Each structure stands twice: as structure tokens, then as C-alpha cells.
Amino acid sequence: MSWWLLHVDMDQFIAAVEIRRRPELRGLPVVVGGSGDPTQPRQVVATASYEARAFGVRSGMPVRAAYKKCPQAVFLPSDPATYEAASTEVMDTLRSFPVVVEVWGWDECFVGAETDDPEALAAELRAAVEARTALTCSVGIGDNKTRAKLATGFAKHKRSHAEPFEPAEPSETTGPSEAAGPTTRTADSAGGTAAGIYRLTAANWRQVMDHRPVRDLWGVGSRMEHNLNELGISTVADLAAADVDLLKKRFGPKMGAWYAALGRGLGDTQVTDVPREPVSRSREETFPEDLTDPTTIAAELRRIAIQVTNDVVAEGRTIQRIWVKVRFTTFYTPIKSRKLPSPTQDPETIATTAHSLLEKFDLHRPIRLLGVRLEFLPPTPDEPITI
DNA sequence: TCTGGGGTCCTCGCACCA
DNA sequence: TCTGTGGTGCGAGGACCC
């Protein structure tokens with residue numbers, strides 16, 4: 001038996017949950033995000049069904065732009081409570097297996113398992129999730145989290161060619177099926193195993209990833225791609241071959257080493273079912289109309305500060321630090337922060353501190369967003385129980 | 001085209017202190 | 001007394017993720 005990491009990623013999760021409760025939407029382009037009114041400005045798409053994606057609608061796109069691309073789509077408001085409940089159903093289904101489940105958001109998780117046949121386990125997980133929740137998922141199999149996560153991108157490609165992340169074409173002579181290790185089962189023409197499942201390990205990493213742009217790596221965004229390109233590093237193979245000292249010098253000792261490892265497909269192999277303690281909570285609001293009046297700006301900030309403080313206190317947390325974020329119409333978004341003289345749960349203290357931070361900004365320009373983030377005092381260890 | 005909201009982690013510059 | 005050095009905490013900002 002070997003230790004395997006499986007990355008389970010729900011297919012178009014939010015759209016799928018909406019379609020599940022309104023089956024008449026099946027097969028239609030569905031766009032979820034904002035208030036559900038596609039004529040309203042300053043709202044973005046949270047998710048789009050595969051049918052909507054075929055029209056060029058993407059997550060993060062302004063809802064109004066999505067409306068222009070696909071006016072016939074069904075536009076729905078976001079309903080976080082329902083997605084949270086659906087996510088719990090999925091995670092509970094996975095936990096019913098003898099595996100370790102590490103949740104990474106509503107629609108994805110890592111599963112750690114001892115098995116000799118990870119493809120069979122992946123197929124069982126997918127079947128159980130679909131049977132119990134009527135939602136489908138894709139599964140990436142890897143020997144670490146980096147590879148499992150990337151493998152899911154290849155697994156998804158088999159389910160929808162609207163996905164931007166395309167798997168490598170198998171070589172004429174040695175497809176990934178041959179390179180993927182001795183326990184690989186029959187591979188299909190795309191180089192993985194069954195539809196919705198893909199395996200990426202040390203054995204096929206180079207063949208599958210070497211020629212791809214660094215942007216395809218999990219953790220390399222557009223900025224870092226640009227920075228790497230400046231060093232003459234454009235492909236995963238370039239990154240794997242790069243001088244580690246150069247990367248450390250350019251990106252710092254920690255990140256430099258991390259990028260070097262990423263190019264080789266190295267990553268974490270630990271999976272934990274202990275939920276992570278949040279370290280901060282924030283609330284931010286983009287206003288439909290820009291704010292220019294200082295009194296209004298102060299009042300809105302105070303409202304947000306008290307709101308987020310109440311949320312935090314309701315969870316029994318104590319605040320040790322506060323950030324205030326201001327986004328101007330130019331999209332310039334400075335942030336000011338202050339450590340509190342002593343930890344507090346008092347909304348008035350937070351509101352007053354937020355206001356004093358606000359005075360550090362140049363408020364002579366129109367403001368489109370205000371935000372408040374509160375950092376928690378680390379939780380104290382459990383008190384010893386005395387009987 | 002016109003860019004949400006909620007998070008985490010890392011780096012860097014600066015002040016302060018020994 | 002002046003200068004250099006290194007550790008630490010803080011504030012700001014960058015980058016990434018879903």
C-alpha cells in the first residue's frame with residue numbers, strides 16, 4: 001500500500017448547486033454573481049455553467065460584460081449559505097471513506113489515502129459524491145499536493161473543452177500512460193485514466209509539464225510569470241533547470257527555493273483533517289456610486305468596522321490589529337494598519353481606530369471601496385481541566 | 001472592459017535597541 | 001562618543017488563491 005494524494009474539485013460547483021435546485025436550468029447558460037441583475041455595475045461573475053463559458057463568460061468578469069456576451073443566460077444572485085451547505089454534504093460523503101480529508105474551500109479538498117489503486121479510489125469517490133449529492137467532481141491523483149492539484153486540471157479537460165487549461169498531447173511513442181508508473185491502468189488517448197480522473201507523478205511530470213508555460217503552475221500568477229520571464233525562464237523545464245541561488249537572490253530565500261521546487265513538481269505530501277484556525281476576518285464594500293463626502297466616508301467606514309467587529313466577537317475572537325483599505329476610482333488601493341495598544345472586542349474601539357487610520361489617507365479623491373480587516377489574537381491553548 | 005469579496009503568506013524598509 | 005552590526009517588531013505592499 002502506498003500513500004496517495006487525491007485532489008477533489010467540484011465541477012462548476014456554484015452553477016451546479018443552482019441547477020440542482022432548479023433542474024429546469026439544466027443545459028442553459030447560467031451565470032451566478034452579484035445581485036443577479038446583469039445591468040448593475042461593479043459586480044463580477046462568481047461562476048458560469050459550461051454552457052455560459054462556451055459564450056466566453058468567465059469567473060471574475062464584470063457581470064455586465066457577461067450580459068453582453070450572453071444576454072440569453074440566466075443570471076442569479078450569489079447564495080453563500082446554500083453553497084456552504086452543499087459543500088458540507090460533499091465533504092461528509094468523502095469522510096465516509098477511510099481517508100483523510102483536508103478542506104480547501106467550498107468546492108475542493110485534498111484526500112490522503114493508503115491504497116494500491118488510486119484510480120479505483122478516485123472512481124469510488126466520484127461515484128459516491130454524485131450518488132449522494134447529485135453533484136459531479138473531477139479528481140487529480142498525485143504523489144504530492146502540487147501534482148494532484150495540477151492533475152485535476154487535466155482531469156477536468158475531459159469533462160469540458162471550454163476549460164482553458166489544456167492537457168498535453170501525448171507523444172506518438174511514449175504517452176503519459178507509459179510514463180505514469182507501474183500501477184497505471186489503461187490510459188485513454190488524452191494521457192490520463194478514466195474521464196474525470198488524471199494521475200500526475202514524478203514519473204510523468206517532465207513529459208507532461210516540461211514544455212508548458214510557468215503560468216500553468218499552481219502558485220504562479222501573471223506577475224510572477226512576468227518576473228520569471230525576465231530571468232529567461234518561460235517554461236516549467238526552464239524553471240526546473242534554473243539556478244536556485246539566482247531565484248533566491250531575486251525572490252528571497254523562501255520563495256526562491258519554493259519556485260525552484262515548484263518547477264520540479266515537488267510539494268507537500270501531508271494531509272490533515274484539522275481545520276485551520278482563521279487568523280483574520282475582513283469585510284469590504286464597493287459602492288454603486290463613488291463616495292466623495294468626508295462625513296459619508298467616515299460613516300460608511302464606521303458601519304463596516306462595527307459590522308465586522310460584531311461578526312468576530314460572535315465567534316469569540318479577540319482583535320489585536322486592524323487594517324483599513326481604501327480603493328480610489330483609479331483602482332489605487334492603499335492599506336493602512338495599526339496594532340492595538342491592547343487586544344479588544346469593543347466595537348467602539350475598533351470604529352475609532354479605523355477612523356484614525358482613515359485620516360492617514362488622502363481623501364480628496366472619489367472612493368469606490370472601503371474595507372476593514374481585523375487580525376485575531378492567537379487562540380490560547382485549552383485550559384487544563386481540573387476536577 | 002473596467003475590474004467583487006474574502007482570505008493567506010511573504011518580503012522589504014524602517015525604527016529601535018543592544 | 002561615534003560607528004557598525006544584527007535581531008526584532010511594525011507597517012506597507014505584493015502576489016496568489018478560490
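The structure displayed is predicted, hence computed values, not measured ones. Lettering follows sequence order; numbering is per chain, from 1.
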Exercise. What is the distance from CD of Glu375(A) to C1' of dC10(B), rounded to the nearest Å?
Worked result: 14 Å
Exercise. With sugar-phosphate meaning primed atoms plus P, OP1 and OP2, does Gly105(A) contact a base, only sugar-phosphate, or nothing at under 4.0 Å between heavy atoms?
Worked result: nothing
Seminar exercise, completed: When rounded to whole Å, the CH2 to P distance for the pair Trp258(A) and dT11(B) reads 11 Å
Problem set entry | Those residues that, when tested against Asp9(A), pass salt bridge (Lys or Arg N to Asp or Glu O under 4.0 Å) (two or more places apart) | Lys156(A)
Problem set entry | Integer-rounded Å distance: dC10(B) C1' and Ile335(A) CD1 | 14 Å
Exercise. Does OP1 or OP2 of dA15(C) have a side-chain N or O of Arg223(A) closer than 4.0 Å?
Worked result: yes
Problem set entry | Closest listed nucleotide, where the reference is the side chain of Met255(A) and the choices are dG5(B), dG4(B), dT11(B) | dT11(B)
Problem set entry | Partner of Leu6(A) by side chain to side chain contact (heavy atoms under 4.5 Å, CB included), out of Thr115(A), Val139(A), Thr152(A) | Val139(A)
Exercise. The side chain of Thr286(A) lies closest to which of these nucleotides: dG4(B), dC17(C), dG11(C)?
Worked result: dG4(B)
Exercise. For Leu374(A) and dG6(B), what is the distance between atoms CG and C1' respectively, to the nearest whole Å?
Worked result: 13 Å
For this session: Establish, with yes or no, whether the OP1 or OP2 oxygen of dT3(B) is under 4.0 angstrom from a side-chain nitrogen or oxygen of Arg327(A).
Result: no
Exercise. Atom CZ of Arg215(A) and atom C1' of dA15(C): how far apart are they, to the nearest Å?
Worked result: 11 Å
For this session: Return no unless some side-chain N or O of Lys145(A) is found under 4.0 Å from OP1 or OP2 of dC17(C).
Result: no
Problem set entry | For Arg95(A), all residues meeting side-chain hydrogen bond (donor to acceptor under 3.5 Å, both in side chains), sequence neighbours excluded | Asp92(A)
Exercise. Any donor-acceptor pair under 3.5 Å between the side chain of Arg373(A) and the base of dG7(B)?
Worked result: yes
Exercise. Reckon Lys360(A) touches a base, only the sugar-phosphate, or nothing at all at heavy-atom distances under 4.0 Å?
Worked result: sugar-phosphate
Exercise. On DNA chain B, nearest-nucleotide positions of Gly252(A) versus Lys68(A): which is more 5'?
Worked result: Lys68(A)
Exercise. When we call it a touch if two heavy atoms are under 4.0 Å apart, what does Val45(A) touch: a base, just sugar-phosphate, or nothing?
Worked result: nothing
Exercise. Using a cut-off of 4.0 Å on non-hydrogen atoms, how would the nucleic acid contact of Pro41(A) be classed: base, sugar-phosphate, or nothing?
Worked result: nothing
Exercise. Do Arg147(A) and Trp205(A) meet the cation-pi criteria used here (NZ or CZ under 6.0 Å from the six-membered ring centre, within 45° of the axis)?
Worked result: yes
Exercise. So what does Ser222(A) touch, heavy atoms closer than 4.0 Å: a base, only the sugar-phosphate, or nothing?
Worked result: sugar-phosphate
For this session: Using the aromatic ring of Trp106(A) (for Trp, its six-membered ring), decide whether it stacks on the base of dC18(C) within the limits of 5.5 Å and 30°.
Result: no
For this session: For Gln40(A) and Tyr67(A), test the side chains for any donor-to-acceptor distance below 3.5 angstrom and give the result as yes or no.
Result: no
Seminar exercise, completed: Atom NZ of Lys325(A) and atom P of dG11(C) are separated, to the nearest Å, by 19 Å
For this session: Using whole Å, report how far CZ of Phe328(A) lies from P of dT3(B).
Result: 18 Å
For this session: Give a yes/no answer on whether the side chain of Arg321(A) brings an N or O atom under 4.0 Å of OP1 or OP2 in dG11(C).
Result: yes
Exercise. dC2(B) phosphate, OP1 or OP2: any side-chain N/O from Arg42(A) under 4.0 angstrom?
Worked result: no
Problem set entry | Ser282(A) or Lys254(A), whichever maps to the more 5' nucleotide of DNA chain B | Ser282(A)
